[in-house]
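In what follows, residues are counted from 1 in the order of the sequence shown. Both counts, for ligands and for their atoms, begin at 1 and track the order of listing.
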Amino acid sequence: MPANLPAEAQKALAKYQAAKTIEGKIKALEEALSLIPAHKGTEKLRGRIRRRISELRRMAERKAAAKPSRRDYFSIPKEGAAQIALIGAANSGKSSILKALTNAKPLVAPYQLTTTKPTPGMMLYEDVELQLVELPAILTEELEETSFTGRSIGFAKNSDLILIVIDSSRDPIAQFKKIIELFDEFGVTIKPKSCRIEVEKKDSGGIRLIVFGKLKTSYREASDLLKSMGIRNAVVKIWGEADLSDLEDSILRELVFKKAIVVFNKIDMANRKNLAILEKFLENNRISFVETSAENGLGTETLKKMIFSTLGLIRIYTQRDGVKAEKPIVVERGCTVKEIARIIHRELAERMKYARVWGKSVKIQGQQVGPEHILEDGDVIEIYT
Ligand SMILES: Nc1nc2c(ncn2[C@@H]2O[C@H](COP(=O)(O)OP(=O)(O)OP(=O)(O)O)[C@@H](O)[C@H]2O)c(=O)[nH]1
Ligand SMILES: [Mg+2]
């Protein structure tokens, strides 16, 4: 680990940390690379920087290729409790799934790239409305990129959940691999991390590591890595289990974790052997998957349930003078009574004294609870001021 980089190189790396644009980041890294002498001790760092530069270059190329004037039709206002993106290769059955799960009537056809713009539909899960958006194919059937690749992944990056639709009648491993590679290039990962790392840069005070879980490297090595990346003063918080490469990832790259479900569609025509291998891999990596046949409805109900549970949403029904609201307030798991009060009315959160709750979060039905009480799916709540 190069503890003593030339001051100029460290300055360039600090510039990279501060850069706001892709071009600025590339420039700073190129400068740093030219200032870091090549020898055994700097080999790893130089390699890491070179990898990051080529990644950023690809991102810049893609950005230039996507005409800004076309941006507009690619944005769909969020509706319902969450926005869910359907993404995958051409003809994998994205439109068919959208049609099976929502009120939308997209064109389903046996030729490639039938869908050429984001197409929304509303799905009703019990009493919760969720928005599904089919994105134009990011790969052809031959697994070549399309003119939509960048924009479709960009859209998915902003959604609450991604459904990766795989055509099980064609090689599922090749499709999945290619899609994950593309996601990686665009800074998206779907693999649940074993750790969370926050790097808060400071003006002074050196490097402080606060480890809530476990750091599988020495303090010395971690702080050397930070210094070699131009970070001299920072508070670094680590939750869960992290190693040096996790730390590297969080400093050099800006990987966004997205919840995802892999949907093996056309299961009626599946290539079973390869599928089993991929499913094992997903299981080991804690990535959810489901088998469907949009043609005959197989697995679509399971998919609906999985969408709701993966989103981590719960439904809270407010009650007033004994009358329960018909429509729930849909919030993220872990929501407290006070947060619900705030959603109803800001003043209510300040004026509330206690609440009565019926449902899974209380032992006695109608139990009196305080503002910090954590609610569960299906709870009924009456707030008293
Ligand atoms: N056998 C079988 N065929 C399916 C299934 N789902 C979709 N198909 C067929 O596959 C073809 C493509 O389906 P689409 O839903 O249009 O696929 P898409 O992913 O939206 O395609 P693009 O919009 O072109 O990217 C159609 O001929 C569908 O009838 C399935 O589960 N089983
Ligand atoms: Mg389609």
*Asks:* Test of understanding: with salt bridge (charged side-chain N to carboxylate O under 4.0 Å, His left out), list the residues that count as partners of Asp184, not counting sequence neighbours.
*Replies:*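 Scan of Asp184 (salt bridge (charged side-chain N to carboxylate O under 4.0 Å, His left out), adjacent residues dropped) gives Arg253.
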*Asks:* For atom 1 (N) of ligand 1, what is the nearest protein heavy atom, given as residue, atom name and distance?
*Replies:*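 Sorting protein heavy atoms by distance from atom 1 (N) of ligand 1 puts Asp268 OD2, 2.7 Å first.
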*Asks:* Within the side chain of Gln367, is there an N or O that forms a donor-acceptor pair under 3.5 Å with the backbone of Lys363?
*Replies:*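 Present.
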*Asks:* Does Ala109 reach ligand 1 with a nitrogen or oxygen that is under 3.5 Å from one of the ligand's nitrogen or oxygen atoms?
*Replies:*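 Yes, since at least one N or O of Ala109 sits under 3.5 Å from an N or O of ligand 1.
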*Asks:* Start with the C-alpha distance between Glu30 and Lys27, add both sets of side-chain angles, then the distance that settles salt bridge (charged side-chain N to carboxylate O under 4.0 Å, His left out), and finish with yes or no.
*Replies:* CA-CA 5 Å; Glu30 279 174 339; Lys27 226 180 127 212; over 6 Å; no
*Asks:* Where is the tightest heavy-atom contact between Pro136 and Thr116, given as atom of each residue plus distance?
*Replies:*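 Nearest heavy atoms, Pro136 then Thr116: CG-C, 3.6 Å.
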*Asks:* Students should be able to answer this: which protein heavy-atom is nearest to atom 31 (O) of ligand 1, and at what distance?
*Replies:*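 For this ligand atom, the closest protein heavy atom is Ala294 N, 2.9 Å.
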*Asks:* Please walk me through it: do Phe281 and Ile173 pass side-chain contact (heavy atoms from CB on, under 4.5 Å)?
*Replies:* CA-CA 10 Å; Phe281 171 85; Ile173 294 178; over 6 Å; no
*Asks:* Name the closest protein heavy atom to atom 6 (N) of ligand 1, giving the residue it belongs to and the distance to 0.1 Å.
*Replies:*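 Checking every protein heavy atom, the shortest distance to atom 6 (N) of ligand 1 gives Asn265 ND2, 3.1 Å.
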*Asks:* Do the charged groups of Glu23 and Lys25 touch, with an N to O distance under 4.0 Å?
*Replies:*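 No, Glu23 and Lys25 are not salt-bridged.
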*Asks:* What part of Gln112 sits under 4.0 Å from ligand 1 if we count only heavy atoms: the side chain, the backbone, both or neither?
*Replies:*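 Within the 4.0 Å criterion, Gln112 contacts ligand 1 through backbone atoms alone.
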*Asks:* Can you tell me if Glu326 has over 12 outside heavy atoms packed within less than 6.0 Å of its CD?
*Replies:*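 No.
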*Asks:* Locate the shortest heavy-atom distance separating Gln131 from Gln83; write the atom from each residue and the value.
*Replies:*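 Looking at all heavy atoms of both residues, the shortest contact is OE1-NE2, 2.8 Å.
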*Asks:* Run Glu382 and Arg356 through salt bridge (charged side-chain N to carboxylate O under 4.0 Å, His left out) and show every step you take.
*Replies:* CA-CA 5 Å; Glu382 184 149 359; Arg356 282 190 191 286; over 6 Å; no
*Asks:* Atoms of ligand 1 less than 4.0 Å from Ser293 heavy atoms?
*Replies:*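 Atoms satisfying the 4.0 Å criterion: 30 (C), 31 (O), 32 (N).
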*Asks:* With a 4.0 Å cut-off on N to O distance, would you call Asp379 and Lys360 a salt bridge?
*Replies:*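 Looking at Lys360 together with Asp379, the answer is no, because their closest N to O distance does not fall below 4.0 Å.
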*Asks:* One residue to check: Ser169. Relative to ligand 1, which of side chain, backbone, both or neither has a non-hydrogen atom less than 4.0 Å away?
*Replies:*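 Neither part.
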*Asks:* Below 4.0 angstrom, N of the basic side chain to O of the carboxylate: do Arg272 and Glu291 qualify?
*Replies:*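 Answer for the salt bridge query: yes.
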*Asks:* Does only the side chain of Lys94 get under 4.0 Å from ligand 1, or the backbone, or both, or neither? Count heavy atoms.
*Replies:*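 Both the backbone and the side chain of Lys94 come within reach of ligand 1.
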*Asks:* What residue and heavy atom of the protein are closest to atom 21 (O) of ligand 1, and at what distance?
*Replies:*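 The closest one turns out to be Asn91 N, 3.0 Å.
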*Asks:* Identify whether the distance between the nearest side-chain nitrogen and carboxylate oxygen of Glu55 and Arg57 falls below 4.0 Å.
*Replies:*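 Salt bridge flag = no for Arg57 with Glu55.
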*Asks:* Tell me whether the NZ or CZ atom of Lys304 lies within the 45° cone about the ring axis of Tyr125 and under 6.0 Å from its centre.
*Replies:*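 Geometry flag: not set, cation outside 6.0 Å or 45°.
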*Asks:* Relative to the heavy atoms of Glu134, which atoms of ligand 1 are at a distance of less than 4.0 Å?
*Replies:*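 Under 4.0 Å from Glu134, ligand 1 has these atoms: 20 (O), 23 (O).
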*Asks:* To which protein heavy atom is atom 17 (O) of ligand 1 closest, and what is the distance rounded to 0.1 Å?
*Replies:*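 Of every protein heavy atom, Gly93 N, 3.2 Å lies nearest to atom 17 (O) of ligand 1.
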*Asks:* Could you list which atoms of ligand 1 come closer than 4.0 Å to a heavy atom of Met269?
*Replies:*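 Near Met269, meaning under 4.0 Å from one of its heavy atoms, ligand 1 has 1 (N), 2 (C).
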*Asks:* Looking at Lys11 and Glu8, does any basic side-chain N land under 4.0 Å from a carboxylate oxygen?
*Replies:*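 Answer for the salt bridge query: yes.
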*Asks:* Looking only at protein heavy atoms, which one is nearest to atom 7 (C) of ligand 1, and how far off is it?
*Replies:*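 Here the closest protein heavy atom is Ser96 OG, 3.2 Å.
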*Asks:* Which of the atoms of ligand 1 are close to Tyr111, meaning less than 4.0 Å from one of its heavy atoms?
*Replies:*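 The atoms of ligand 1 under 4.0 Å from a heavy atom of Tyr111 are 24 (O).
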*Asks:* Do Ile267 and ligand 1 have an N or O pair less than 3.5 Å apart?
*Replies:*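 Min N/O separation from ligand 1 is not below 3.5 Å for Ile267.
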*Asks:* Flag the pair Glu126 and Arg315 as a salt bridge only when some basic side-chain nitrogen lies within less than 4.0 angstrom of an acidic carboxylate oxygen.
*Replies:*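 Result for this pair is yes, salt bridge flagged.
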*Asks:* Looking only at protein heavy atoms, identify the closest one to atom 8 (N) of ligand 1 and say how far it is in Å.
*Replies:*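 Result: Lys266 CE, 3.7 Å.
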*Asks:* Of the backbone atoms (N, CA, C, O) and the side-chain heavy atoms from C-beta on, which set of Val108 has a member under 4.0 Å from an atom of ligand 1: side chain, backbone, both, or neither?
*Replies:*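 For Val108, the contact with ligand 1 is made by both the backbone and the side chain.
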*Asks:* Would you check the N or O atoms of Thr292, main chain and side chain alike, for any that come under 3.5 Å of an N or O of ligand 1?
*Replies:*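 No.
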*Asks:* Does Ala137 reach ligand 1 with a nitrogen or oxygen that is under 3.5 Å from one of the ligand's nitrogen or oxygen atoms?
*Replies:*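 No, Ala137 has no N/O under 3.5 Å of an N/O on ligand 1.
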*Asks:* Provide, to 0.1 Å, the distance between atom 24 (O) of ligand 1 and the closest protein heavy atom, together with that atom's residue and name.
*Replies:*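 Going by distance alone, atom 24 (O) of ligand 1 is nearest to Thr114 N, 2.7 Å.
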*Asks:* Check for me: within less than 2.8 Å of the Mg ion (ligand 2), which protein N/O/S atoms show up?
*Replies:*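 Sorted hits: Ser95 OG, Thr115 OG1, Glu134 OE2.
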*Asks:* Between Glu295, Glu291, Lys99, flag the one that comes closest to atom 5 (C) of ligand 1 by a heavy atom.
*Replies:*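 Checking each option, the heavy atom nearest atom 5 (C) of ligand 1 is found in Glu295.
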*Asks:* Would Asp160 and Lys78 pass as an ion pair if we require N to O under 4.0 Å?
*Replies:*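 Yes, Asp160 and Lys78 are salt-bridged.
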